[in-house]
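Naming convention: chains lettered A, B, ... in sequence-line order (proteins, then strands); numbering from 1 in each chain.
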Protein chains: 2
Amino acid sequence: MIKLDLQSKTPLYLQMEQQIIDLILMGVLKENEQLPSVRNLARDLGINPNTIQKAYQDMESRGIIYSVVGRGNFVASPSAAESLKRRESMAALEKLLQDARHAGFSAQELHQAVDAAFQPRKEDDLL
Amino acid sequence: MIKLDLQSKTPLYLQMEQQIIDLILMGVLKENEQLPSVRNLARDLGINPNTIQKAYQDMESRGIIYSVVGRGNFVASPSAAESLKRRESMAALEKLLQDARHAGFSAQELHQAVDAAFQPRKEDDLL
DNA sequence: TAACTGTTCTATTTCGCCTAGTACACCCTT
DNA sequence: AAGGGTGTACTAGGCGAAATAGAACAGTTA
């Protein structure tokens, strides 16, 4: 259900968060559904429970999941995850668009880049 | 001439590279112009010469500057810096556009974001 | 020669990430 | 009440990247 890349430069707990968010957005994980326990998931992934705990805590602070002591962690409203992801994505994009502008790109070039991103290629949706 | 943010998460040597590249693109630093020596710049910025050296070496490997032992470091062709920055900027943008697409943004929304980035605002060009 | 330059090297510190282990409080089922 | 699950908190340590500190060597220039 979750695959971690131990070689990646991005921390394990962030990889986890990203994949769980995606699972929520894809509808695999539904509202109020219980997430794997800290200990179980750590055992399955072969990593330390503290790392799972860190990811869960971070996601709870972002409103993606909520936790109940003694019971477990549960996914919050999927719309929360969606709006969060859209918000973060747009914020990053705006910053990068400014960079591109200052790098000398014209509006026309950037519009072309947008179109290219929506141009179906062979590899798309195979990930 | 160069300002470092010691609190930033991005390494000092990368902050330096970014700012020097910008200075080249703005025409402040011209082709074949000599850069500050490793020791002088380190003294002025209050950091270690090795950090400057790392930045210079990295920039040389990227073709932005060239170094001559015993003489100093000099800016290479400004077009090298420009094409590099454009290349890097576009690569980052393409990746983020895909993210945005998968986050549920429509092409129309992204086109609007591009236009917004080119919309003159008060703070612009004051940096 | 003297004073500058780049370059290389080792050692040390700092910090974030991650692991390891332990302990405690809570909830639920039996 | 008891036991096993849960989240939570804490200390300790390893590890690697970033940065510092200091020294040494090599080339250039006045």
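In the hydrophobic cluster analysis, where Ile, Leu, Val, Met, Phe, Trp and Tyr join through side-chain heavy atoms closer than 4.5 angstrom, A:Leu84 is grouped apart from B:Phe105. Under the 4.5 Å side-chain heavy-atom criterion for ILVMFWY residues, no single connected hydrophobic cluster contains both A:Tyr66 and A:Tyr56. Under the 4.5 Å side-chain contact rule for hydrophobic residues, A:Tyr13 and A:Ile64 do not share a cluster. Under the 4.5 Å side-chain heavy-atom criterion for Ile, Leu, Val, Met, Phe, Trp and Tyr, A:Met90 and A:Leu110 are members of the same hydrophobic cluster. Connection of A:Met1 to A:Leu14 is not established within any shared hydrophobic cluster, with ILVMFWY side chains joined at heavy-atom distances below 4.5 Å, either directly or through further cluster members.
As a whole-Å value, the separation of B:Asp5 CG from D:dA19 P is 12 Å. As a whole-Å value, the separation of B:Leu41 CG from D:dA19 C1' is 15 Å. Rounded to an integer number of Å, the gap from CD of B:Gln7 to P of D:dA19 is 13 Å. The separation between A:Ile47 atom CD1 and D:dG14 atom C1' is 17 Å, rounded to whole Å.
Salt bridge A:Lys85/A:Asp22: present, at least one basic N to carboxylate O contact under 4.0 Å.
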Got a list of protein N/O to nucleotides 4-9 of chain D N/O distances below 3.5 Å?
| residue | atom | partner | partner atom | Å |
| --- | --- | --- | --- | --- |
| D:dG5 | N2 | A:Gly70 | O | 3.4 |
| D:dT6 | OP1 | A:Ser37 | OG | 3.1 |
| D:dT6 | OP2 | A:Ser37 | OG | 3.4 |
| D:dG7 | OP1 | A:Asn73 | ND2 | 2.9 |
| D:dG7 | OP2 | A:Val38 | N | 3.1 |
| D:dG7 | O3' | A:Ser67 | OG | 3.1 |
| D:dG7 | N7 | A:Arg39 | NH1 | 3.0 |
| D:dG7 | O6 | A:Arg39 | NH2 | 2.8 |
| D:dT8 | OP1 | A:Ser67 | OG | 2.6 |
| D:dT8 | OP2 | A:Gln53 | NE2 | 3.4 |
| D:dA9 | OP2 | A:Gln57 | NE2 | 3.1 |

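Close approach of DNA chain C to chain A, defined as any atom under 4.0 Å from a non-hydrogen atom of the protein, starts and stops at C:dC17 to C:dC28.
Rounded to the nearest 0.5 angstrom, A:Leu96 CG and B:Glu94 CD are separated by 11.0 Å.
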Show me the side-chain donor-acceptor pairs of residues 37-45 of chain B shorter than 3.5 Å, one per line, residues at least two apart or across chains.
| residue | atom | partner | partner atom | Å |
| --- | --- | --- | --- | --- |
| B:Ser37 | OG | B:Asn40 | N | 3.0 |
| B:Asn40 | OD1 | B:Arg43 | NH2 | 2.9 |

